[in-house]
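Just so it is clear: chains get the letters A, B, ... in the order the sequence lines come, proteins before strands, and each one is counted from 1.
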There are 2 protein chains.
Amino acid sequence: MSSPTTFRDIKTDIMRRIASGEWAPGSRLPNELDLAQKFGAARATVNRAMRELVDDGIVERKRKAGTHVRSVPLRQIRLHIPVVRAEIEEQGADYRYALLHSNIGRPPDWLRARLSLRPQDEVRHLTCIHFADGNPYQLEDRWINLTATPLAREADFSQSGPSEWLIRQVPFSDVEVSFSATAADTEQAENIGCGKGDPLFRIERQTSWQHQPITFVRLIYQRGYRLTSRY
Amino acid sequence: MSSPTTFRDIKTDIMRRIASGEWAPGSRLPNELDLAQKFGAARATVNRAMRELVDDGIVERKRKAGTHVRSVPLRQIRLHIPVVRAEIEEQGADYRYALLHSNIGRPPDWLRARLSLRPQDEVRHLTCIHFADGNPYQLEDRWINLTATPLAREADFSQSGPSEWLIRQVPFSDVEVSFSATAADTEQAENIGCGKGDPLFRIERQTSWQHQPITFVRLIYQRGYRLTSRY
DNA sequence: CAGTGGTCTAGACCACAGC
DNA sequence: CTGTGGTCTAGACCACTGA
């Protein structure tokens with residue numbers, strides 16, 4: 001008697017059949033009960049395999065309609081956005097942080113629109129630099145909604161960055177992130193040590209939690225930075 | 001009699017306790033059996049909730065050691081890298097494609113090193129433009145390993161791009177992707193219609209399948225492009 | 001060695017949505 | 001209306017790994 005069929009076996013076999021063309025894009029797979037009999041497994045085991053295939057963007061499922069191979073496989077990656085301190089220390093470099101500027105006030109219009117802030121909301125605005133081995137690595141331009149996180153009004157960001165503080169205050173959040181390229185303006189060029197107009201990699205991220213806007217941040221990386229991921 | 005506790009209920013409750021500080025970062029959660037009793041659910045239900053929490057980067061689990069709240073929550077996103085045709089058409093714009101250049105030969109050294117190609121391997125090199133409403137949207141610089149995908153030697157890429165062809169030939173793959181900013185060189189500036197030295201968003205992606213290198217591609221986007229995602 | 005998570009089974013009820 | 005996936009249960013065996 002051989003060991004029982006695992007959900008991994010089933011997943012692999014189904015992927016093989018899809019790759020081989022036996023189950024073409026758009027075609028319908030047998031239902032769970034039939035597959036369970038075919039593989040000699042319980043329906044729950046087949047179900048787990050199928051859920052992972054959905055998760056991987058390989059098939060789509062609908063009640064009654066059944067399971068279909070996606071006609072265009074969904075190209076998706078799991079991107080880990082590193083916390084800058086950890087990223088630098090993992091490279092074996094020395095991490096240092098500096099707060100350039102901090103103030104509290106009414107948000108500018110573009111920010112109010114972007115975060116859907118109300119007229120009475122105040123924000124704390126911070127600009128910081130993160131260094132690796134003494135060289136500028138990342139500029140952080142951070143806005144925190146004080147209505148959502150009132151403790152940020154008095155928090156001390158002179159020794160460590162607002163990211164690390166926020167992640168403790170708000171462990172989960174809904175996030176919208178965007179990646180782009182930008183040209184260094186005069187101030188950025190000076191702070192990060194590159195020429196004016198040099199291409200810099202930029203991440204913008206706004207987070208909210210339970211429909212309340214928390215923070216917006218713009219991260220500018222040193223010249224030549226790459227954000228890399230495998231999947 | 002109320003309806004049974006769902007894995008979602010359990011997940012939500014655990015997240016609430018973590019957010020409230022009841023289960024602090026680094027602390028150990030009760031084991032599955034205890035949680036199952038506490039929630040009045042089967043162990044399998046608790047297990048599913050916990051597996052999702054692992055997946056979301058909120059907890060870590062090890063046999064015997066138990067389940068611990070991650071001390072630094074893992075910031076990860078699910079990034080959907082759009083197929084350029086779909087991306088353009090979803091914006092309601094007209095998609096057009098042009099092949100600029102195609103040839104077959106030995107790979108340059110940097111590519112051989114990057115993809116771990118063997119001395120006898122040949123590659124097909126293609127450069128293409130993707131247009132949105134007549135404007136250059138993306139430049140594609142594509143290298144295909146002909147040993148892995150011999151059909152690419154004769155394939156016709158004059159009407160549609162190699163991405164769409166490859167995705168049909170190789171539905172799954174292991175991928176390494178990187179995002180960065182680059183300055184437009186003379187040729188890129190001309191092709192994409194921007195100034196030389198302008199900052200451009202770049203994606204580089206190399207894919208393999210079953211330890212065999214398939215392709216390397218460098219995508220350069222029009223000025224001002226943003227890759228955006230929610231999670 | 002023993003506690004913990006990893007997984008499978010067989011059966012059940014249910015919700016949704018195509019037919 | 002009925003087929004299909006979505007989920008829960010109770011129980012079992014096993015594999016890893018920390019104490």
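For an aromatic pair to be called close, the ring centres must be under 6.0 Å apart, and A/Tyr137 with A/Phe131 fails this.
One interatomic measurement links the two molecules: CZ of A/Phe39 to C1' of C/dT7, which rounds to 17 Å at whole-angstrom precision. Rounded to an integer number of Å, the gap from CZ of A/Arg8 to C1' of C/dC8 is 13 Å. In this structure, the CG atom of B/Leu35 is 13 Å from the P atom of C/dG6, given to the nearest Å. Straight-line distance from the CD atom of A/Glu60 to the P atom of C/dC16: 19 Å, rounded to whole Å. Rounded to a whole Å, the CD atom of A/Glu32 is 16 Å from the P atom of D/dG3. Nucleotide D/dT4 holds its P atom 5 Å from the CG atom of A/Asn31, rounded to whole Å. Atom pair A/Leu33:CG and C/dC13:P shows a separation of 15 Å (rounding to whole Å applied). For the pair A/Gln37 CD and D/dT4 P, the computed distance is 12 Å after rounding to whole Å.
Using a 4.0 Å cutoff on non-hydrogen atoms, the parts of residues 43-52 of chain B near DNA chain C are B/Arg43, B/Asn47, ordered by number. Near DNA chain C, meaning a heavy atom under 4.0 Å from it, residues 63-74 of chain A has A/Arg63, A/Lys64 in order of number.
Here the side chain of A/Asp121 pairs a donor or acceptor atom with the backbone of A/Arg118 at under 3.5 angstrom. For B/Arg85 (side chain) and B/His130 (main-chain N/O), no donor-acceptor pair under 3.5 Å exists by modelled atom type.
Each of A/Lys62 and A/Ala42 has a nearest nucleotide on DNA chain C; the 5'-most of these lies closest to A/Ala42. Residue A/Gly40 is the one, among A/Arg28 and A/Gly40, whose nearest nucleotide of DNA chain C lies closer to the 5' end (criterion: closest heavy atom).
Of all heavy-atom pairs spanning B/Ala24 and B/Ser27, the tightest one is O-OG, 2.6 Å.
You'll find that the side chain of B/Arg61 is closest to C/dG6, out of C/dG6, C/dA10, D/dT4.
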Take A/Arg75 and B/Ile167, measure what side-chain contact (heavy atoms from CB on, under 4.5 Å) needs, and give me the verdict at the end. CA-CA 9 Å; A/Arg75 282 243 184 255; B/Ile167 220 169; 4.0 Å; yes

Between B/Gln138 and B/Tyr221, does a side chain to side chain donor-acceptor pair (under 3.5 Å) hold up when you go through it step by step? CA-CA 4 Å; B/Gln138 182 196 90; B/Tyr221 286 84; 3.0 Å; yes

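Side-chain contact between A/Leu139 and A/Leu219 is absent, with no heavy atoms from C-beta onward closer than 4.5 Å.
Donor-acceptor pairing under 3.5 Å is lacking for the side chains of B/Arg28 and B/Thr67. Remark: the A/Ser180 side chain and the B/Arg226 side chain contain no N/O donor-acceptor pair separated by less than 3.5 Å.
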